Amino acid sequence: MSGPVYNFAYLNEQTKRMIRRAILKAVAIPGYQVPFAAREMPMPLGWGTGGVQVTAACLTQDDILKVIDQGADDTTNAVSIRKFFVKTAGIATTDVTDDATIIQTRHRIPETPLNENQILVYQVPIPEPLRFLEPRETETRKMHALEEYGVMHVKLYEDIARFGEIATAYDYPALVNDRYVFDPSPIPKFDNPKLNNSAALQLFGAGREKRIYAIPPHTKVKSLDFEDFPFSLPKWDKPCAICGSQTSYLDEIVMDDQGGRMFVCSDTDHCRKTQALK
Amino acid sequence: MIEVDSSAQNQAKIFRLILEAMSHPGRIVDFKVPSLCPPYGLSAEMATLLITLCDFQTSIWMKSKAVGIEKFLRFHAGATFTNTKSAATYAIVNDPEKLSSLEEFAQGTHEYPDRSTTLVIQVDTMSNDGRISLAGPGIANQTRFNVEKLGVVFWANVAANHAQYPLGVDLIFVSKGKIAAIPRSTQVQVQGQD
Amino acid sequence: MYVAVKGGEKAIDAAHQLLAEARRGDVSVPEISIRQIEEQLSLAVDRVMNEGSLYDRGFASLAIKQSRGDLIEAIFLVRAARTTLARFGYAEPLDTAKMQTRRRISAAFKDLPGGQILGPTFDYTHRLLEEVMPLEAAQLADQLVVENMPKVLGLLGDEGLIEPALPSATTVGDITQDPPSFPMPRDERLQSLARGDEGFLLSLAYSSQRGFGRTHPFAGEIRLGEIEVSFVPEELGFEIVIGEITVTECEMINQFKGSADVPPQFTRGYGLTFGHCERKAMSVALVDRALRSAELGEEVGSPVQDEEFVISHSDNVQATGFVEHLKLPHYVDFQSELILLRNLRKEKAAE
C-alpha cells in the first residue's frame, strides 16, 4: 500500500504564496510583525509550526537543511522536524552549519558565523516583545505604531532597581534598524550580538500567534540597555569539557547527586569542529 | 510520497530569487524564468513574478488595462484586478518615467504598514553604477544603482517614500533576465556630479 | 568521560512503537473499526468535525481511532489534514429554514407552528448505566422529519419584537484564509466560536448565566436536521448541490434593547455547528450574545464579554500545543537563568 501523497513541503501552493508575500513584506519592514494566516501543521502549535511554515515556503529541491533545537541536531524536536522535511520534501539535510543553506532553529544561533547564502529560520512562541507588559494585541500594536516603548524601558529599569542588573537572561528585546523593538525568540542573550549585522537573512515564524518577521542581512540590531547599565554577556568559569572552546555557549550537565557538574557546548556542530581542529 | 510538481519547484526557485533581491536592495540578481508566452505589454519576467506571488487574495493595478494581460493573469494566477491604486496589492508599471508620485498607492497604516502596494516596474537596463546611492538594511555600507531612463523626479519620489518609513511602497524592478528591489527601508541619495 | 546525549531519533522510533501497542491494547479483544466509530460514537465524530473545521465523518472517525479517543488530538489530526486540501471556493449560504428538521424545540413558546419535536435526545433520559442497550430493547420510534419549518425568531420578527438579523458585512470574512485582527467583525467571531473548544465555551457561557456578563437568555429555538450545500462553480455560473450535511442551530432570545429612536426589541445570540452538537451550539449562542455587549451599549467587564480574551484562547489545538510545548527541552534558557540567578545571589552575599 502506498502512503499518502504530499505536495512538495506539505503546504499547498496557495498557502505558500500567502506566506511568501508575508515574508517579502517582513523583509521590507525589518522587525515589524506581519500577520499571516498560519495553517495547522502535522506537529503541535507551539512546537515550531511557524518556523516549519516559513521553511516550507522557502525550500527548493536544491536546499540543504539543518535543524537544531537548543543548539543540537539530535534533540528530539529537531529530529522530528528534520524527518518531516525529508519525508515531505525529499531534500538533503546536514549537521554541518557551513554546509547548510537553510537552518531552522529553536532557542539558539549557531556559533559559526553565517554567510550570505544562508537563511536562518527561527521558531517563535510569542512574537510580541511587549506581550508580558501588555496582554492586548490592540494595545501593543498601537505602541509599535507610535514607537512608544517607554513601558519596556520602565520594566528594564525596575529590574535594575530590584536586582542591580537587567534580570532578563533570554528572550532579550532588541531594537531593529532603529525603529521596531522586537523579540528575538527565546535565544539566550548570549546570542543577541549575533543578530546584529549578520551576513545571513534571518526569518522568524510564529505559527500559533500567526506572525512572520525578518531581519535582512547587514541590519543594525541593538539590544536594549542603559548608558550606565550597558548590555553584558554571561560568562562561564570553565571552557567546554569536550572541545575546550572558551567562546561558546555551554550547557550544564548534572553528573551525580554530589553536586558534580560539567559544562559542554550547546552547539554540537561547533563542538565537533573545535575538537577536529585540536 | 511527494508529488513531483514542476511548477511548485519552479515557483520556489523564483521566489528565492525575489527574496534575494528584496533582502539585498540594489543587487541585480539573475532572473531566469521559464519560457512562457505572455500577451503584449507583459514581459516574461513580470508575468513569472506575478504568477509566483498572486492569487485570489491579491489585486493587481495597471495604468491602462489590456484585456489580454488581465485574461492571462486571471487564468494563470486567479488574480483579480482593481482600478484603484490604493486598493492594489501589486501594481504593474511599464512606464516608470511617467509615474508622477508613489503616494496614491496603498502606503499601509501605522498599525499595519504591511498593507501596502508592491510596485513591479519594467525597465530596460539596470546597473550598479551612476549617481544613485543606496544604504540601509540588506546593504553592507552602500551600493550604487542605476536604471536607464529614470531621472531626478523618480528618485526624488523613492526618497520621499523612504522618508515616511515604516509606511510606504516597495519597488521591484525587472528587466530581461534580471531582477532587483528597493524596499521602503532603503535610503536613496543622489550623489554630486563628481 | 561524558559523551553528549545522542539517539533522539532512536528514542522517537521506540516511542512510536510503544504508542502503536498502547493504541491497540489487548490483541485478544477485536479491533474497533472506523465504521463502528462513525456509527456508534457519532457525537464524538460530530465534535471532531466541528472543532476540526472539516465536514468529513470518515476522516473524523479515523482520527478518533488513531488518537485513542483523545478528541483534542483527533481534532488536531483533522486540522492538519485540512491544511493539505486545496480550496475551490465558497459554498452558497445555508438557509436553515429549509432544513429537513429532525429535532426542534423552543423554550419560549408552549406550542407553535411546526410543533415541538424532541427527536434523538438525552434530555429526559434517566442517567442510569445500562448494560443492555441494543436496538431491540427499544420500540423503534418513527422519525418525524419536517421540511420548511418556520423559524421561531421569525414569528417574533413579524411583530418587530426582535432585532432583525442583518449581515455584518457585504463580504463574509474567512478566519482560515486571513489572519485575525481585533476588533473582529461578528461573522469572523462566529467562525472562531464554531471551531472553539466546547469545554471552554461551555464554561464561558455558564459564567455569563451566573452573572459575569449576564444576557438574560431564552432558548428561542434549537433545531437539528439535514440541509443541502450548494456551490456555484466559476466555469458553470449556476448553482449545483454538492452534498447534504447535518447541522445544529441555536437561536437565543436575549434581553431587549431600545433607544430614543427605536422602540425596545429583543436581541439575538446565534450558534451553528456541524452534526449534532447541541451543548456547543447553545454555548456559542450565549457567548456570541455576550461578545455583542459593547455593540449594544452594555457595560463590558466580564471575561465572556472580552473579545480578545475569548477569541484568542478558544482554540484547543492552539492551547494544547502551547501548554504541552513545555515538555520540549528548554535547557539553554534555563541555563541562562541559572547563571543570572547565581550571579544575583553572589552579589547579594557580597553586600
Side-chain angles (χ1 to χ4, degrees), chain A residues 6-7 10-15 18 35-42 44-47 49 69-72 74-80 83 106-108 125 136-138 163-165 167 169-171 186-190 208 210 234 236 241-242 249-253 255 262 264 266 268 271, chain C residues 1-9 11-12 15 52-53 76-87 174-183 308-309 312 315 317-341 343-344 347-348 351:
Chain A
Y6 299 106
N7 189 29
Y10 195 77
L11 297 174
N12 63 54
E13 289 304 302
Q14 194 273 324
T15 299
M18 176 273 295
F36 83 114
R39 307 290 200 251
E40 282 87 355
M41 299 302 284
L45 289 150
W47 296 50
T49 58
D69 186 342
Q70 314 295 297
D74 62 347
T75 30
T76 42
N77 206 42
V79 170
S80 161
K83 272 186 159 178
R106 175 169 171 265
H107 292 196
R108 277 307 314 272
R136 277 172 206 284
E137 171 72 10
T138 35
F163 301 113
E165 61 179 284
Y170 60 92
D171 232 335
I187 56 171
K189 75 174 187 177
F190 176 90
R208 200 177 34 76
K210 300 183 166 62
W236 284 262
I242 296 175
Y249 189 88
L250 303 180
D251 288 336
E252 178 172 339
I253 314 287
M255 301 298 286
M262 76 182 290
V264 298
S266 112
T268 45
C271 198
Chain C
M1 177 64 202
Y2 170 81
V3 185
V5 187
K6 292 266 173 204
E9 199 151 352
I12 290 175
S53 297
F76 177 19
L77 283 167
V78 168
R79 289 267 192 98
R82 194 181 188 282
T83 296
T84 63
L85 304 174
R87 173 165 302 248
D174 181 347
I175 58 161
T176 67
Q177 295 291 304
D178 301 306
S181 61
F182 298 105
E308 265 203 72
F309 177 81
S312 304
D315 190 310
V317 179
Q318 289 175 11
T320 198
F322 202 45
V323 166
E324 295 196 53
H325 109 286
L326 292 173
K327 294 184 282 191
L328 291 179
H330 282 78
Y331 49 77
V332 163
D333 293 344
F334 188 68
Q335 181 63 44
S336 29
E337 294 256 282
L338 272 178
I339 294 173
L340 176 69
L341 192 63
N343 253 342
L344 294 176
E347 282 161 21
K348 191 86 183 167
E351 271 173 23

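Just so we're clear, the structure is a prediction, and the values are computed from it rather than from any experiment. Protein chains get the first letters and strands the later ones, always in sequence-line order, with residue 1 at the start of each.
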Check your understanding: Taking C:Asp178 for the side chain and A:Ala37 for the main chain, is one N or O donor matched with an acceptor at less than 3.5 Å?
Key -> no

Residues at least two apart in sequence or cross-chain that pass side-chain hydrogen bond (donor to acceptor under 3.5 Å, both in side chains) with C:Ser53, listed by chain then number, are C:Arg195

Just do the side chain to side chain contact (heavy atoms under 4.5 Å, CB included) check on C:Gln335 and A:Phe190 with the steps written out, would you? CA-CA 11 Å; C:Gln335 181 63 44; A:Phe190 176 90; over 6 Å; no

Whatever's closer than 4.5 Å to a heavy atom in chain A on C:Ala81 counts as backbone

So, the part of C:Ser312 with a heavy atom under 4.5 Å from chain A: the answer is neither

Find out whether C:Pro329 and A:Asp69 are in side-chain contact, i.e. whether some heavy atom of one side chain is under 4.5 Å from a heavy atom of the other. yes

Turns out that what part of C:Leu85 lies under 4.5 Å from chain A's heavy atoms comes down to backbone

By ring pair (Phe, Tyr, Trp, His ring centres under 6.0 Å), A:Phe163 pairs with (sequence neighbours left out) none

message = Can you tell me if C:Phe322 has over 12 outside heavy atoms packed within less than 6.0 Å of its CZ?
response = yes

### Expected output: side-chain A:Arg39 to main-chain C:Arg79 donor-acceptor under 3.5 Å
no

The interface call for A:Gln14 against chain C, heavy-atom contacts under 4.5 Å, is side chain

The interface call for A:Lys83 against chain C, heavy-atom contacts under 4.5 Å, is side chain

Applying a strict 4.5 Å limit to non-hydrogen atoms, the region of A:Thr76 in contact with chain C is both

What one should report as the nearest heavy-atom pair of A:Leu45 and C:Val317 is CD1-CG1, 3.6 Å

Tested for side-chain contact (heavy atoms from CB on, under 4.5 Å) against C:Asp333, the lone hit among A:His107, A:Arg108, A:Gln70 is A:His107

Counting heavy-atom pairs under 4.5 angstrom with chain C, the leader among A:Ala78, A:Gly164, A:Pro42 is A:Pro42

With a 4.5 Å limit on heavy-atom distance, are the side chains of C:Val332 and A:Tyr170 in contact? no

Checked C:Glu324, C:Lys348, C:His330, C:Glu337 vs chain A; the most non-hydrogen pairs under 4.5 Å come from C:His330

From the list A:Arg106, A:Glu165, A:Lys210, the residue making the most non-hydrogen contacts under 4.5 Å with chain C is A:Arg106

Under 4.5 Å to a heavy atom of chain A? For C:Gln177 that would be both

With distance as the sole test, does A:Glu40 use its side chain to make a donor-acceptor pair with the main-chain N or O of C:Phe76 at under 3.5 Å? no

Whatever's closer than 4.5 Å to a heavy atom in chain C on A:Thr75 counts as side chain

Bottom line for A:Phe36: the part with an atom under 4.5 Å from chain C's heavy atoms is backbone

Counting heavy-atom pairs under 4.5 Å with chain A, the top scorer among C:Gly321, C:Ser181, C:Pro179 is C:Pro179

Shortest non-hydrogen pair, A:Gly46 vs C:Leu328, comes out as O-CD1, 4.3 Å

### Message
For a 4.5 angstrom cut-off between non-hydrogen side-chain atoms, does A:Leu11 reach C:Thr83?
### Response
yes

Non-hydrogen side-chain atoms of A:Glu252 and C:Tyr331 separated by less than 4.5 Å
no

Quick one, A:Thr138 with C:Glu308, criterion side chain to side chain contact (heavy atoms under 4.5 Å, CB included). Give me CA distance, side-chain angles, the key distance, then yes/no. CA-CA 9 Å; A:Thr138 35; C:Glu308 265 203 72; 2.5 Å; yes

To the nearest 0.5 Å, atom CG of A:Asn7 lies from atom OG1 of C:Thr84 at 9.5 Å

